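What follows is a set of notes on a single structure, which appears directly below.
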Amino acid sequence: MSLKLRLSLLISLLLALVMLATAAYALRSAREDVRAEVRSSAELAIRLLDSELERAAGAGLQPTPSFALAALRGVRHVRIELRGPDGRLLESNRGGDTAPPAAPAWFAWLVEREAEPWPDMRRPVAFGGGRAGELLVLPDPSFEIEEVWSDARNLLGLLLLLFVATNLLVYWVVGRALAPVDRILAALTRLERGDLDTRLPEIELPELARVGREFNRMMDTLQASVTRNRLLAQQLLRVQEEERRGLAHELHDELGQYLTAIHAEATAISRLGGEGASRAREGANAIIASVREILGRVRGMLQQLRPETLESLGLEEAVRELVEGWRARNPEVACRLELGAALGAIDDAAGIAAYRVVQEALTNVTRHARAGSVAVSLARTGEGEDEALEINIRDDGRGMAAAAQRGFGLLGMRERVEALGGSLSLESAPGRGVMVAARVPLGKGR
């Protein structure tokens, strides 16, 4: 549950508790007011009736009393009844057209549920020394309860409207106050994706403004550190490639010349005639075989150290030669090469990085994959500053577990690509092959 929703629910609960407390207090006040009003009306009515009974007794009226109670219909808080000696209703201040109260039964029950019993208010009516009947004053709070219900209903409607309006306002205010949290989360997501240019705008909320400033300061430090590390990595790679180039030239120029000379001398010896020629030829042929083996090994080392084709013919031909050589060494694996229609000229650093990624990936296939097929593709995408070289190597081998995906070979590929501002990803699972995807920037923004 989000913080905004939790705060809104908490405030709603507090408002509901306040409303319940207010309703309980209002109900208690209404109960006291109803009883006070009804009691006052009942006492007034009984006093008036006592006076009327005294007046009638002094005047010696006929034994068929009549108090014209129908004229007292306006007295709503009491029911006044005149009953005969047999209990039959003779008169009442409530006629058949008196509207019943509109308050619901549950509300009336709440108002009266803790009330004390009403006092018994009745007066005997006697004329000529005999009992003519009985006057009853019965408290009737229904009309007063109806008035309280009408007021309470209006108040409840107003409170409900206030409750809804307050909740909407609180939800909006809390949402507006917590809006910077969404921006912080979005910034963290962009940072997770590698966007080091992510910055937070100025935040008005003081509690979060400090978080925003610290985040931006952290990003400045991190970006500076990554930039320094990237420059160091680029410099290290350049030094490494220069050392490889120098070693390749030394192997080619020095060791290669000596091996060529030995090969030529051994060839000349193998062609000698006369006594001992047979044994000389055998020795010469052994030397020639050894020299050829050494030359092959040297050429392989030169190819690993510094592919001559990459310098002379470019990345496309170097990759073709690399894949063809790999096919010859691994005839049991079907290898498919797909090159984009227009790779074009690629600068030295990007070309070396792409070549090494393909080389390391194919080496891993040979050593670990046990694959039946592998596909290599290179394509140039984008324009201007977004121009990049996309590299994909996919095999159908046994895959690798997550722990094996942090080996030195893969780490070296990633560092080489990221040093140029690119990215490298690896997707694999046991039994589902491996896909290496690299993106090497070629634009000016690199």
Side-chain angles (χ1 to χ4, degrees), residues 1-45 72-79 93-119 137-186 201 203-209 211-212:
M1 185 183 297
S2 66
L3 178 60
K4 180 169 65 174
L5 185 57
R6 277 189 286 179
L7 287 175
S8 299
L9 290 177
L10 179 61
I11 293 173
S12 299
L13 179 61
L14 291 176
L15 285 174
L17 291 176
V18 170
M19 289 179 63
L20 287 175
T22 303
Y25 177 77
L27 189 63
R28 181 178 178 182
S29 299
R31 184 182 297 121
E32 294 175 356
D33 292 343
V34 167
R35 291 191 64 82
E37 189 72 22
V38 174
R39 184 183 296 110
S40 175
S41 298
E43 290 175 353
L44 177 60
L72 300 178
R73 290 180 180 177
V75 181
R76 300 187 304 165
H77 298 142
V78 292
R79 177 185 289 273
N93 69 327
R94 297 292 169 83
D97 59 343
T98 303
W106 62 267
F107 184 77
W109 176 81
L110 286 175
V111 173
E112 296 185 287
R113 69 186 180 92
E114 296 181 358
E116 298 178 359
W118 295 103
V137 178
L138 304 173
D140 185 6
S142 56
F143 285 92
E144 187 66 21
I145 291 175
E146 192 277 333
E147 289 183 5
V148 173
W149 167 250
S150 179
D151 294 340
R153 183 175 55 193
N154 295 333
L155 180 61
L156 284 173
L158 182 61
L159 287 176
L160 182 60
L161 181 63
L162 179 63
F163 180 81
V164 173
T166 302
N167 271 281
L168 292 176
L169 180 62
V170 167
Y171 191 81
W172 179 79
V173 170
V174 172
R176 183 178 176 83
L178 295 180
V181 175
D182 294 332
R183 292 199 292 270
I184 293 173
L185 291 176
I203 299 175
E204 297 179 0
L205 193 65
E207 289 81 359
L208 295 178
V211 175

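Please read these numbers as outputs of a predicted model, since none were measured by experiment.
- Checked against side-chain contact (heavy atoms from CB on, under 4.5 Å), Ile184 has the following partners two or more places apart in sequence or in another chain: Leu188, Leu200, Ile203, Val211.
- With rounding to the nearest 0.5 Å, the separation of CG in Leu156 from CG in Leu161 is 12.5 Å.
- Contacts of Leu15 classified as side-chain contact (heavy atoms from CB on, under 4.5 Å), with partners at least two apart in sequence or in another chain: Ile11, Phe163, Thr166, Asn167.
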